[in-house]
Amino acid sequence: MIFVLTGAGISRESGLDTFRDKDGLWSKVNIEDVATPRAFKKDPVRVLEFYDFRRKELLSGDIKPNPAHQALARLESQISNYRAEKGLKKPGLFLVTQNVDDLHERGGSKQVCHTHGSLLWAKCQACDHKFKWLKNLSLEEVCPKCQAQGQLRPDVVWFEEMPYHLEEIETNLKNCHLFVSIGTSGLVYPAASYLRVAKKLKVPTLEINIAPTGSANLYDRGFYGPASEAVPQWVDEVISQLNLWVFN
Ligand code: OAD
């Protein structure tokens, strides 16, 4: 089974900012002002506005999945067809993204694990109810479940909060035969630890990025170039030898 971890770099050519590149989001705003529970307590309007801007941008019509997202969807469907033909039960691909956009889904992927939540969902701080939300969020809004006012926030994981689906991720990491990271600096935990876990388990590792990251020397292989070119090339390579990566 192939374990794929994606980060902001895969969506860069779709028009979305990364975080830590020179022109990235964290060069324009401070993490402490917009992406922590403390920031939301101190200035909820500022935090809501930051995510409103990003949600609006994502839904603007200018932002579309690029060939990298589409290639991963193609990989998923090829693996799934191959498994069906061979009567195999175990999944052949696990795709986990740190991205809060929906470009993997729009690119055609059916199973995507969003470990940092989604920009297109809201959550109530009072009752933890989560629901799809495409408009701006304001303190006037009322939770549709518990009716609390001013408690709605984007359903994204902030710094100091626990990422989602950690058990599912760990199980898949422990069972994979190839670990691939795409367009991520690999600096944010726990995603940053997956490479070390894979290496400890002696699983082959591959980094796909526009340029080698600080951890590049730890990977068995690096494939460097814009995601829209490098990912489809890698996916073609895998599809041409699927029997190597889909186990019973
Ligand atoms: P980063 O901004 O840290 O890293 C983006 C990576 O994408 C870098 O390694 C770039 O070299 C690479 N990159 C840029 N353009 C690319 C392209 N066209 N093709 C391929 N690679 C490209 O973003 P993440 O690693 O995703 O979390 O950041 C992880 C987390 O930190 C985010 O989910 C977010 C952020 O703070 C929270 O907000 C909690």
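Numbering of ligands and ligand atoms starts at 1, following listing order.
Sorted by first and then second residue, the side chain to side chain donor-acceptor pair (under 3.5 Å) pairs with a member in residues 66-75 read S11-H69, S14-N66, R74-D236; sequence neighbours excluded. Residue pairs satisfying the side chain to side chain donor-acceptor pair (under 3.5 Å) criterion with at least one member in residues 54-64, sequence neighbours excluded, are listed as follows: D52-R55.
No salt bridge links D21 with R12; every basic N to acidic carboxylate O contact stays at or beyond 4.0 Å.
Stacking of K123 on the aromatic ring of Y164 is not recorded, the 6.0 Å distance cut-off and the 45° axial limit not both being met.
Not counting sequence neighbours, E32 has no partner by the salt bridge (charged side-chain N to carboxylate O under 4.0 Å, His left out) test.
Clustering ILVMFWY residues whenever any of their side-chain heavy atoms sit less than 4.5 angstrom apart, transitively, puts W26 in the very cluster that holds F40.
The protein residues lying under 4.0 angstrom from ligand 1, judged by non-hydrogen atoms, are G7, A8, G9, R12, E13, T18, F19, R20, D21, W26, Q98, H116, V157, F159, G183, T184, S185, V188, N209, I210, T213, P226, A227.
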